[in-house]
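Throughout, numbering of the chain's residues begins at 1 and tracks the sequence.
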Amino acid sequence: MTLMRQLPALTLAALLTLGAARAEAAPEAYKIDPEHLSVGFLVDHIGYAKVLGLFREAEGSFRFDRETRQLSDLTVTIKSASVYTAHEKRDEHLRGPDFLNAGEFPEMVFTMTGSEPTGERTGKVTGDLTILGVTKPVTLDVTWNKSAEYPFGGGLLSKPNFVTGISARGSFKRSDFGMMYAVENGWVGDRVDLIIEAEAIRQ
């Protein structure tokens, strides 16, 4: 067979190999970097203003296909006792039985159940949120910010990392989880607004 006759077969083989490689490469597994994970919340305080707080300890992972923009297998685990609002007495109260009851329920967990792209870099993620041993559905609006080689690291001491960054927003009613303190008199808002910013390292 001449070289000219071989070219179409070689080209087809190369394309098939490339297609197989792409199929095998996606979706990719990521682990959320705890040093670049912010889980924050806003809750109304007697109607005057909202208290801004965060959780200092959380971890998670997911799988993401950059070509189809499909997110899957997302789980996030938050340590209840890591709550922080820059007010020591309030934080102690939040860790107690009136709110998070961190002694009996040390973790809050979000487990993804589905996802749907809504735009080029946006989507909705549905999942089950477990607080105080109660599990309820929650929907997050997620924005895919960036996926690229991380500009820091590499060299002899560490390998370069490929990082994906996402932002997520959502809300839920704490009374749905049995957290009833000061709901009826309106001193502490029932609605909790979630603020999540995360960078995740490809595994």
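- The shortest side-chain heavy-atom distance between Leu129 and Lys136 does not fall under the 4.5 Å cut-off.
- Partners of Arg202 by salt bridge (charged side-chain N to carboxylate O under 4.0 Å, His left out), not counting sequence neighbours, listed by chain and number: Glu28.
- One N or O on the side chain of Arg174 and one on the backbone of Gly189 form a donor-acceptor pair closer than 3.5 Å.
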Side chain to side chain contact (heavy atoms under 4.5 Å, CB included) between Ser115 and Thr126, worked out
CA-CA 6 Å; Ser115 67; Thr126 55; over 6 Å; no
Using the side chain to side chain contact (heavy atoms under 4.5 Å, CB included) rule, take Arg95 and Ser80 through it: C-alpha gap first, then chi angles, then the decisive distance, then the call.
CA-CA 7 Å; Arg95 295 184 190 108; Ser80 303; over 6 Å; no
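- Lys50 places a side-chain heavy atom less than 4.5 Å from the side chain of Asp193.
- Taken to the nearest 0.5 Å, the CD atom of Glu184 stands 11.5 Å off from the CG atom of Asp190.
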List the steps, then state whether side chain to side chain contact (heavy atoms under 4.5 Å, CB included) holds for Thr85 with Leu94.
CA-CA 9 Å; Thr85 64; Leu94 289 173; 3.7 Å; yes
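- In this structure, the side chains of Asp141 and Lys124 come closer than 4.5 Å at one or more pairs of heavy atoms.
- Hydrophobic cluster membership is shared by Tyr181 and Val192, with clusters built from Ile, Leu, Val, Met, Phe, Trp and Tyr side chains linked at under 4.5 angstrom.
- Side-chain contact between Ile32 and Val76: present, with at least one pair of heavy atoms (C-beta onward) separated by less than 4.5 Å.
- Salt bridge annotation for Arg169-Glu197: present, with a cationic side-chain nitrogen under 4.0 angstrom from a carboxylate oxygen.
- Nearest heavy-atom pair, Met179 versus Leu132, reported as atom, atom and distance to 0.1 Å: CE-CD1, 4.0 Å.
- Taking CZ of Phe110 as the start and CD1 of Ile196 as the end, the distance is 7.5 Å to the nearest 0.5 Å.
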Run Asn145 and Ser167 through side-chain hydrogen bond (donor to acceptor under 3.5 Å, both in side chains) and show every step you take.
CA-CA 7 Å; Asn145 298 320; Ser167 302; 2.9 Å; yes
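- Side chains of Tyr150 and Glu199 form a contact here, defined as non-hydrogen atoms less than 4.5 Å apart.
- If you take CZ on Phe162 and CD on Gln203, they are separated by 13.0 Å, rounding to the nearest 0.5 Å.
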Step by step, work out the side-chain hydrogen bond (donor to acceptor under 3.5 Å, both in side chains) result for Thr135 and Thr130.
CA-CA 4 Å; Thr135 301; Thr130 301; 2.7 Å; yes
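- The minimum heavy-atom distance between Asp91 and Ala86, with the atom names listed, is OD2-N, 3.9 Å.
- Summarising the local packing, CD of Glu88 is surrounded by 12 or fewer heavy atoms from other residues, nucleotides or ligands at distances under 6.0 Å.
- Between the side chains of Thr111 and Asp128, no donor-acceptor pair of N or O atoms lies under 3.5 Å.
- Between Tyr30 and Phe62, the angle of the ring planes stays under 30°, which puts this pair in the parallel group of the 30/60° scheme.
- Atom OG1 of Thr139 and atom CD of Glu116 lie 10.5 Å apart (nearest 0.5 Å).
- For Val39 against Ala58, the heavy-atom pair with the smallest separation is CG2-CB, 4.2 Å.
- Under the 4.5 Å side-chain criterion, counting only non-hydrogen atoms from C-beta, Leu74 is in contact with Val125.
- Ile166 and Ile201 are not part of a single hydrophobic cluster, where members link through side-chain heavy atoms under 4.5 Å apart.
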Determine all donor-acceptor pairs shorter than 3.5 Å in which one atom belongs to a side chain in residues 97-108; sequence neighbours excluded.
unit_1	atom_1	unit_2	atom_2	d
Asp98	OD2	His93	NE2	2.8
Asn101	ND2	Glu104	OE1	3.2
Glu107	OE2	Lys79	NZ	2.7

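- Counting heavy atoms from C-beta outward, Leu42 and Ile195 have side chains that approach closer than 4.5 Å.
- In this structure, CD in Glu57 is found 5.0 Å from OG in Ser82, a value given to the nearest 0.5 Å.
- Taking OH from Tyr84 and CG from Leu54, the interatomic distance works out to 8.0 Å, rounded to the nearest 0.5 Å.
- Residues Phe64 and Ser147 meet the side-chain proximity criterion, which asks for heavy atoms closer than 4.5 Å.
- Val163 and Leu37 fall into different hydrophobic clusters, where Ile, Leu, Val, Met, Phe, Trp and Tyr are joined by side-chain heavy atoms under 4.5 Å apart, directly or via other members.
- Arg69 places a side-chain N or O within 3.5 Å of a backbone atom of Glu120 that can act as its donor or acceptor partner.
- When every heavy atom of Leu71 is checked against every heavy atom of Met112, the shortest pair comes out as O-CE, 2.8 Å.
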Go through the steps to decide whether Phe172 and Arg191 satisfy the test side chain to side chain contact (heavy atoms under 4.5 Å, CB included), and finish with yes or no.
CA-CA 6 Å; Phe172 62 88; Arg191 174 181 166 130; over 6 Å; no
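- Both Phe177 and Val43 belong to a common hydrophobic cluster when Ile, Leu, Val, Met, Phe, Trp and Tyr are linked at side-chain heavy-atom distances under 4.5 angstrom.
- With no hydrogens or angles considered, no side-chain donor-acceptor pair links Arg121 and Thr143 at under 3.5 Å.
- Hydrophobic clustering (ILVMFWY, side-chain heavy atoms < 4.5 Å, transitive): Val109 and Ile131 are in distinct clusters.
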